[in-house]
Amino acid sequence: MSSQHAPREQWASKLGFMLAALGSAVGLGNIWRFSYVAGESGGGAFLLVYLLCIVAIGIPIVLAEFAIGRRSQSDVVGSFQSLAPGKPWVLAGYLGVASAFIILSFYGVVAGWSLHYFIQYFAGGPSLEGGMSYGDYFGAFTSNMVQPLFWQFAFMALTVGIVFVGVKKGIELSNKILMPLLAILVIVLAGYSLTLGGASEAISFLFSPDWSALGEPAVWFSALSQAFFSLSLGMGALITYGSYLNQKEKLPGAAVGVSIMDSGFAIIAGLMIFPAVFAFGIAPDSGPGLVFITLPEIFNNLSLGTLFGLLFFFLLTAAAISSGVSLLEVAVAFFMRQMNWTRQKAALIIGTIIFLIGLPSSFSFGAWSDVTVLGDRSIFDSMDFLASYIFLPVGGFIIALFVGWGWKKADALAAGDLQGSAIGIVWIWILRIAAPIAILLVFLYSTGLLNLITGE
Ligand code: PFF
């Protein structure tokens, strides 16, 4: 096993590890996905359930993933194989590798759009011809057969490039610089957006929940999956990153810190996007184009708008890259061990395959927009649905049960740096009972099974 290979790569410092985990968590999910899913799910009620999922389910499972990775010092499949040989827990590992392929395939499409907008701002922003709106521009660009592919490819090449270079010099260094910059910019833009005239509507949209929406299963389902997606949870990205950590660090603080900052990012991004949504009369449920339509409107109205646009899409792309890197790393770490490939070979082969898998998702905004797969969903939405709504929560469910029941209690507490503490007992019971039941209930509720069972 791993002892025959070169020593496993390690983070240079605990801060480096935390920033890398944060870099994985903070990405398109916080800005692009959060805003459009919140917009489609009615705002406040969604935000409330989302935060509930982060605290009650997310943080304990983040810690569980860190603990598994650091203890096993292996990739997502190898972790379960070495900690529980011959047991079925390893299913979570394979689901995780599959999720990495699926998520990065459509993530690359959206990240490619972001890269395109960034380059557009070098020439003053998206060029609107003949009375086009930003919505029209977005529609015309994304429905083009060829153009988005170029940007998707460029994004994948950058992501592969960083994974190619390795853990410390590639992933760790870039996050240290870019994360704080992005945070500052989102705060500044939120401050400006709140002056646009849509502020009070936006604030009530986001913070005064329509309580009746809590009765809608879809809101719970999308909030749960957004929590998993945003925290990079349920597919072993955090197991893989935890495996590059040495034994000395303390994990609970890192788990809580990463989760709080990740949610903070999403809320501030909401305060940046929704005032503009209302000020410019854009429908909050405009779907995946929301960010790409609202933000150019903001920049267009801002005196240094082109500069802000340039900076914003640069940082959004950078955040997408640091998340994309963690997605790719899950698969790369697995194939390096499984197939005995070098890091470089694995990154190139898997990156190419994922780019190809992403093509139909890109086409589904144009020529293939009529093709529907799972239910009434487009190819793009089906990929997202399969990974974010099914694989991630199921993966998280298995991971929680594994640490709760598959490990001896003392081992689990030691692995999570919570021995001898009351919080440790709470953590174990959340993983054993509360989190799995909560995930199960959301599943039953949203598939209508619960109604069938209770006869309502
Ligand atoms: N958390 C990332 C985001 O919010 O953009 C997306 C992501 C990265 C999901 C890594 C899953 C993952 F393993």
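In listed order, ligands and their atoms are each counted from 1. A quick note: this is a predicted structure, and the numbers were derived from the prediction, not measured.
Counting heavy atoms from C-beta on, the side chains of Tyr121 and Pro126 come closer than 4.5 Å. Looking only at side-chain heavy atoms (C-beta outward), Met272 and Ile31 come within less than 4.5 Å of each other.
Looking at Ala100 against ligand 1, nothing comes within 4.0 Å, counting heavy atoms.
Of all protein heavy atoms, the one lying nearest to atom 5 (O) of ligand 1 is Tyr107 OH, 2.5 Å. In terms of protein heavy-atom proximity, atom 2 (C) of ligand 1 is closest to Ser24 O, 3.3 Å. The single protein non-hydrogen atom nearest to atom 8 (C) of ligand 1 is Ser232 OG, 3.3 Å, given as residue, atom name and distance. The nearest heavy-atom contact from the protein to atom 9 (C) of ligand 1 is Phe229 O, 3.4 Å.
Considering backbone and side-chain N/O of Ala25, one or more are found under 3.5 Å from N/O of ligand 1. Note: no N/O pair closer than 3.5 Å links Met235 and ligand 1 by distance alone. Checking only distances, Leu233 never comes within under 3.5 Å of ligand 1, N or O to N or O. In terms of N/O distances under 3.5 Å, ligand 1 is not approached by Ala237. The shortest N/O to N/O separation between Ser326 and ligand 1 does not fall below 3.5 Å.
Glu329 and Tyr244 form a side-chain donor-acceptor contact under 3.5 Å, judged by distance and modelled atom types alone. Looking only at atom types and distance, the side chain of Ser82 has no donor-acceptor partner in the side chain of Ser72 under 3.5 Å away. A donor-acceptor pair shorter than 3.5 Å cannot be found between the side chains of Thr240 and Asp75. Remark: the Ser369 side chain and the Ser364 side chain contain no N/O donor-acceptor pair separated by less than 3.5 Å.
Not a single heavy atom of Phe34 sits closer than 4.0 Å to an atom of ligand 1.
Using the six-membered ring where Trp is involved, Tyr389 and Phe221 have ring planes that are perpendicular, over 60° apart on the 30 and 60° scheme. Between Phe313 and Tyr117, the angle of the ring planes lies from 30° to 60°, which puts this pair in the tilted group.
A salt bridge links Arg33 to Asp384: at least one charged side-chain nitrogen sits closer than 4.0 Å to a carboxylate oxygen.
With atom 12 (C) of ligand 1 as the reference point, the heavy atom nearest to it among Leu238, Leu392, Leu327 is part of Leu327.
For ligand 1, the atoms lying closer than 4.0 Å to a non-hydrogen atom of Gly29 are 3 (C), 4 (O), 5 (O). Heavy-atom proximity to Ser230, at under 4.0 Å, picks out these atoms of ligand 1: 1 (N), 4 (O). Close approach of ligand 1 to Leu28 is summarised as follows: ligand atoms under 4.0 Å from at least one heavy atom of the residue are 5 (O). Remark: ligand 1 atoms within the under-4.0 Å shell around heavy atoms of Asn30 are 4 (O).
Applying ring-ring contact (aromatic ring centres under 6.0 Å, His included) to Phe274 and the options Tyr36, Phe34, Phe205 leaves one that passes, Phe205.
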